[in-house]
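Quick note: residue numbers are just sequence positions, from 1.
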Amino acid sequence: MMYKRIMVFFAAAFVLGGCSTQTTDESVVESSDSVAQSSEEVRTESVSSESMAVESSTATEMSDEEDDDLAQISEEEVAKAEIVTDISQYEELVYAKDTIDLSVYESRLVTDNQGTRVMLFSKDNEQVYKTVYVKNNNWLKVIDLKGDKLLLNEKIK
């Protein structure tokens, strides 16, 4: 009886062993290749989606910033703004004068802090132009508030 069991065991092992030779090895290799390819595709898609998200958020921030720049200044801010009689003391306005004639407008200093200076130019209590000067990188924007567009957007000096 013991002899029959041993023979059945070896016969089953032989039959099962014979069925799984090259095919199994190839499918294992193919399977590991497809897993590697799939994980590479996932990494590529992940990096791609991350970079797209960063680009999208950067574009959104830039768009929001430009929208803020193109917006008129609130009446409350205008009321708080300091009237400027001598615009020659502001270095960036030398460049703005090339774009618009500032002498015909009332000038107001809306914001002047370490990072930026915002000036408003109005005529007959109507906001016409605004300048935004970013001090740390010498960037100047001259904005036509009536036309809702940038007239100048560049590094100066």
Side-chain angles (χ1 to χ4, degrees), residues 16 19-157:
L16 292 175
C19 292
S20 61
T21 57
Q22 292 274 12
T23 311
T24 305
D25 291 342
E26 288 174 5
S27 66
V28 169
V29 170
E30 287 174 12
S31 176
S32 68
D33 285 348
S34 66
V35 168
Q37 184 177 7
S38 294
S39 66
E40 183 63 33
E41 288 172 0
V42 168
R43 276 191 296 245
T44 302
E45 288 175 8
S46 174
V47 169
S48 177
S49 65
E50 285 174 11
S51 65
M52 286 174 51
V54 168
E55 288 173 7
S56 175
S57 69
T58 304
T60 302
E61 289 170 9
M62 295 290 286
S63 176
D64 290 346
E65 185 178 306
E66 285 186 14
D67 288 346
D68 289 346
D69 287 345
L70 292 175
Q72 290 200 352
I73 296 171
S74 72
E75 292 301 319
E76 183 180 306
E77 287 180 296
V78 172
K80 291 180 188 176
E82 173 188 337
I83 295 175
V84 176
T85 54
D86 182 19
I87 61 172
S88 64
Q89 62 184 335
Y90 300 100
E91 58 188 316
E92 72 274 14
L93 296 183
V94 171
Y95 300 94
K97 286 179 186 178
D98 295 340
T99 307
I100 55 175
D101 181 12
L102 300 176
S103 64
V104 298
Y105 299 103
E106 177 186 62
S107 306
R108 290 184 178 264
L109 181 61
V110 178
T111 305
D112 192 6
N113 57 38
Q114 275 187 324
T116 59
R117 179 168 33 238
V118 177
M119 296 189 74
L120 175 67
F121 301 92
S122 51
K123 189 172 189 176
D124 301 327
N125 289 327
E126 185 178 3
Q127 298 180 24
V128 183
Y129 297 104
K130 175 170 69 171
T131 59
V132 178
Y133 177 54
V134 182
K135 296 175 183 179
N136 60 357
N137 62 1
N138 294 319
W139 200 268
L140 177 64
K141 292 181 181 181
V142 177
I143 300 147
D144 179 355
L145 296 172
K146 291 177 93 174
D148 200 31
K149 62 182 175 181
L150 282 169
L151 300 177
L152 182 70
N153 186 15
E154 62 186 41
K155 188 173 181 126
I156 58 175
K157 293 184 184 180

Worksheet item: Once you round to the nearest 0.5 Å, how far does CG of Leu150 lie from CG of Asp148?
Response: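 Here the interatomic distance stands at 9.0 Å.
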Worksheet item: How far does CD1 of Ile100 sit from OG1 of Thr131, to the nearest 0.5 angstrom?
Response: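 Going from CD1 on Ile100 over to OG1 on Thr131, the span is 7.5 Å.
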Flag the pair [X] / [Y] as yes when at least one side-chain heavy-atom distance between them is below 4.5 Å, and no otherwise.
X	Y	result
Asn153	Trp139	yes
Lys97	Ile87	yes
Ile143	Tyr129	no
Phe121	Leu93	yes
Leu152	Leu140	yes
Lys135	Arg117	yes
Leu120	Gln127	yes

Worksheet item: Does a donor on one side chain and an acceptor on the other come within less than 3.5 Å for Asp112 and Tyr90?
Response: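 No, Tyr90 and Asp112 have no side-chain donor paired with an acceptor closer than 3.5 Å.
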Worksheet item: Which heavy atom of Tyr133 sits nearest a heavy atom of Ile156, and at what distance?
Response: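 That closest heavy-atom pairing would be CE1-CD1, 3.6 Å.
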Item to complete: State, to 0.1 Å, how close Asn113 and Thr116 come at their nearest heavy-atom pair, and which atoms those are.
Response: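 For Asn113 versus Thr116, the nearest heavy atoms are OD1-N, 2.8 Å.
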Item to complete: Might you confirm whether atom CG of Asn137 has over 12 heavy atoms from other residues, nucleotides or ligands at distances under 6.0 Å?
Response: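 More than 12 within 6.0 Å, yes.
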Discussion item. Can you confirm whether Glu76 is buried at CD, in the sense that more than 12 heavy atoms of other residues, nucleotides or ligands lie under 6.0 Å from that atom?
Written reply: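 No, because the 6.0 Å sphere around CD of Glu76 holds 12 heavy atoms or fewer from other groups.
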Mind listing the side-chain donor-acceptor pairs of residues 79-86 below 3.5 Å, one per line with the distance, residues two or more places apart or on another chain?
unit_1 : atom_1 : unit_2 : atom_2 : d
Asp86  : OD1    : Ser88  : N      : 3.3
Asp86  : OD1    : Ser88  : OG     : 2.5
Asp86  : OD2    : Ser88  : OG     : 3.3

Worksheet item: Mind checking what makes side-chain contact (heavy atoms from CB on, under 4.5 Å) contact with Val128, not counting sequence neighbours?
Response: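 side-chain contact (heavy atoms from CB on, under 4.5 Å) check on Val128 returns Tyr105, Lys123, Lys146.
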Worksheet item: What do the steps show when you test Ile73 against Val118 for side chain to side chain contact (heavy atoms under 4.5 Å, CB included), and what is the final call?
Response: CA-CA 10 Å; Ile73 296 171; Val118 177; 4.2 Å; yes
Worksheet item: Is Ser74 reaching over with its side chain to a backbone N or O of Glu77, donor-acceptor style, under 3.5 angstrom?
Response: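 Yes: the side chain of Ser74 pairs with the backbone of Glu77.
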